[in-house]
Amino acid sequence: MTQIPVIDPTVTPAWEALDDRADSFSPDLRSWFDADPNRAASWTRSAADLHVDLSKNLIDQGILKDLLALADQCGVFDLRDRMYSGEHINTTEDRAVLHTALRRPSTDTLIVDGQDAIADVHDVLAKVYDFAERVRSGQWVGITGKPVTTVVNIGIGGSDLGPVMAYEALKPFVAEGLECRFISNIDPTDAGETTKDLDPETTLVIVASKTFTTLETITNAKVVREWFLSALRERGIAQDEATTREAIAKHFVAVSTALDKVAEFGIDPNNAFGFWSWVGGRYSVDSAVGTSLAIAIGPESFAEFLEGFHAMDRHFAEAAPQDNVPLLMGLLNVWYSNFLGADTHAVLPYSQYLHRFPAYLQQLTMESNGKSVRRDGCHTTYDTGEVFWGEPGTNGQHAFYQLIHQGTRLIPADFIAFANPTWPLRDTQAGSDMHELFLSNFFAQTKALAFGKTADEVREEGNPEDLVSARVFTGNRPTTSIMAASLTPKILGELIALYEHITFVEGAIWGLDSFDQWGVELGKVLAKQILPAIEGDGEALAAQDSSTRGLIEFYRTNRH
Ligand code: F6P
């Protein structure tokens with residue numbers, strides 16, 4: 001098994017130096033900007049096509065020096081290189097971690113466990129692209145000869161959040177006449193609402209599951225198969241075994257690493273797209289898990305999406321530490337979490353198309369770094385894994401920004417915006433460009449958070465003295481502004497890869513295996529044990545703790 005050196009970050013000289021700095025730290029962004037007219041320029045970086053302004057963070061050159069030393073002393077660069085080369089850095093599962101291989105050009109070679117991973121990736125990609133093309137062109141038809149108009153992706157976690165987020169983000173690139181829907185929750189509402197107005201003759205179902213054992217996905221897939229067959233049968237279609245098999249073959253495909261289980265489920269393995277154990281679920285949107293997206297936006301745009309990831313991978317691998325944006329953003333998160341007491345991190349996209357991006361990032365960051373045991377089995381003595389959360393601007397401004405501006409907690413926030421709108425709408429009466437109105441909020445918020453408003457400024461506005469303190473904004477609330485020209489498939493790939501690598505950097509500093517997820521197991525096992533109690537097995541009910549038993553009894557009494 002691969003041995004990864006584990007370093008307790010708290011005993012490094014850099015951690016001690018940062019601790020000392022934090023003790024006497026009194027940030028003052030106003031005076032820092034006044035004293036250094038070049039602050040914005042000297043803290044702005046490019047990463048592929050992203051323009052990243054770090055200047056409104058609570059950081060100075062001394063802190064940067066210590067944070068970079070921390071990365072070095074904790075072996076971040078060594079671990080990054082091991083990851084890229086296919087070493088088994090997911091030590092608790094003894095697996096390589098190679099999402100970066102999913103987006104490398106076909107001319108590359110990378111032998112992992114005796115197999116050329118890049119060649120395998122491009123074989124599957126070619127199959128996905130061919131399938132996507134046939135669906136898009138209408139060459140792939142359903143049991144009654146009709147082309148597909150709706151693709152239903154059934155999956156959960158990484159087999160859902162990435163595809164749905166990217167589909168929503170890239171709506172303007174979706175072929176006309178095609179729609180994707182997503183079923184993830186085992187709450188029957190999800191399958192019920194999603195299928196209720198669907199035409200089975202024009203529906204293609206993609207069952208996406210890395211393991212093909214996930215209860216939610218397999219249950220939803222069975223339920224949807226039943227809906228599909230009974231809807232066809234009501235129309236006099238698929239009445240015998242042969243046509244039933246043909247209908248399933250034409251309307252159900254799968255994405256999985258477990259092709260044997262796909263066959264057991266009844267999906268023709270010829271209609272299955274594989275991937276590999278070295279792709280973590282939350283790192284899989286750019287594998288065959290993105291098949292629904294590839295159909296929706298087409299192979300050309302999907303290839304651009306992959307190019308975006310690859311451009312960011314190269315930046316992370318090649319940019320000098322002081323210019324390396326994922327490294328710097330990951331280190332800033334460590335600074336805020338471990339030295340300045342931040343518990344959460346907001347991600348605030350000023351793009352309605354990115355409305356599922358924070359939810360996607362929650363799995364990426366929190367399933368990766370929500371851990372309190374290091375690779376060496378020791379408990380961490382420091383905090384890990386901030387709570388990531390967010391909503392698109394400007395909606396959040398009228399909901400939770402109050403707390404970010406004037407609350408007692410430090411909440412570092414990433415603001416994301418694009419120079420060009422997809423919808424060039426105008427308020428003709430006011431003569432204003434809507435996108436400019438929108439972006440004025442993006443610029444205003446980070447300014448207000450950084451520089452605030454002093455008591456004297458509040459007084460100068462003529463406010464009565466007893467209201468002054470309530471109207472003061474302390475400022476010094478850190479933000480990173482990320483901008484790009486437009487939200488394209490390539491830019492989306494860059495953004496996703498940026499956060500993948502930020503997550504990697506934090507996990508590497510904290511000594512975690514960011515690629516396993518043992519914390520989700522216990523609940524799954526208990527749910528299986530509890531089901532008989534819900535169904536009426538007295539012995540199973542008696543075996544529960546008093547709280548769980550009481551809740552089940554309430555359920556059984558009130559279920560009609
Ligand atoms: O239970 C957590 C998890 O394993 C995630 O890591 C994963 O993305 C999700 O479940 C779905 O898993 P699968 O793709 O195997 O169905």
Side-chain angles (χ1 to χ4, degrees), residues 89-99 102 124 128 152-167 182-187 190-191 205-225 252-267 272-293 356-371 385 388 496 499-500 503-504 507 512-530:
I89 68 160
N90 176 355
T91 41
T92 68
E93 296 179 317
D94 194 16
R95 288 177 181 166
V97 173
L98 267 180
H99 42 279
L102 295 169
V124 172
V128 169
V152 177
N153 186 84
I154 302 178
I156 196 164
S159 301
D160 167 73
L161 286 162
V164 69
M165 176 278 288
Y167 172 74
F182 298 85
I183 300 176
S184 56
N185 203 334
I186 200 164
D187 179 345
D190 206 4
V205 178
I206 301 176
V207 186
S209 174
K210 180 174 171 179
T211 54
F212 230 74
T213 56
T214 305
L215 181 73
E216 288 88 339
T217 300
I218 301 307
T219 307
N220 274 320
K222 286 191 281 194
V223 164
V224 171
R225 183 173 57 187
F252 280 73
V253 302
V255 173
S256 187
T257 58
L259 297 180
D260 49 334
K261 295 203 172 71
V262 169
E264 263 169 49
F265 181 85
I267 293 177
F273 307 97
F275 60 114
W276 308 272
S277 65
W278 42 258
V279 184
R282 53 195 174 273
Y283 298 88
S284 68
V285 60
D286 48 338
S287 71
V289 167
T291 297
S292 55
L293 181 69
R356 293 294 287 161
F357 194 55
Y360 169 79
L361 289 185
Q362 286 186 325
Q363 187 198 14
L364 174 64
T365 59
M366 289 155 74
E367 206 173 62
S368 295
N369 288 336
K371 293 159 193 173
F388 274 74
I496 298 172
Y499 281 92
E500 287 177 349
T503 304
F504 172 88
L512 305 175
D513 181 341
S514 300
F515 305 99
D516 61 15
Q517 55 284 319
W518 300 105
V520 299
E521 293 306 319
L522 179 60
K524 289 185 194 173
V525 172
L526 292 185
K528 276 200 190 129
Q529 286 172 8
I530 286 172

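Order of appearance sets the numbers: ligands from 1, and atoms from 1 within every ligand.
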for atom 6 (O) of ligand 1, nearest protein heavy atom and its distance come out as Glu367 OE1, 2.8 Å
Inter-residue atom distance Phe504.CZ - Ile89.CD1, 0.5 Å rounding:
5.0 Å
One finds that the ligand 1 atoms under 4.0 Å from a non-hydrogen atom of Gly158 are 7 (C), 8 (O)
Got a donor-acceptor contact below 3.5 angstrom from the Ser256 side chain to the Lys210 backbone?
yes
Testing Gln517, Gln362, Glu500 for side chain to side chain donor-acceptor pair (under 3.5 Å) with Arg282, which one passes?
Gln517
For atom 15 (O) of ligand 1, closest protein heavy-atom neighbour
Thr211 OG1, 2.6 Å
Checking heavy-atom distances from atom 7 (C) of ligand 1 to each of Glu521, Lys210, Glu216, Gln363, the winner is Gln363
In this structure, OG of Ser292 is separated from OH of Tyr167 (nearest 0.5 Å) by 9.0 Å
A student checking ligand 1 against Val520 at a 4.0 Å heavy-atom cut-off should list atoms 1 (O), 2 (C)
Show the atoms of ligand 1 that are less than 4.0 angstrom away from any heavy atom in Thr214.
12 (O), 13 (P), 15 (O), 16 (O)
Inter-residue atom distance Phe515.CZ - Leu98.CG, 0.5 Å rounding:
10.0 Å
Quick one: which ligand 1 atoms are inside 4.0 Å of a heavy atom on Gly157?
8 (O)
Compare Ile154, Ile156, Val279, Val207 and give the one whose heavy atom is closest to atom 11 (C) of ligand 1.
Ile156
Measure from atom 14 (O) of ligand 1 to every heavy atom in Gly280, Gly162, Ser159 and give the option owning the shortest one.
Ser159
Quick one: nearest non-hydrogen protein atom to atom 4 (O) of ligand 1, plus distance?
Lys524 NZ, 4.1 Å
Show, in sequence, the C-alpha distance, side-chain angles and deciding distance for Phe357 and Tyr499, and conclude whether the ring-ring contact (aromatic ring centres under 6.0 Å, His included) test is met.
CA-CA 11 Å; Phe357 194 55; Tyr499 281 92; 5.7 Å; yes
Sub-4.5 Å side-chain heavy-atom contact between Ile156 and Thr214:
yes
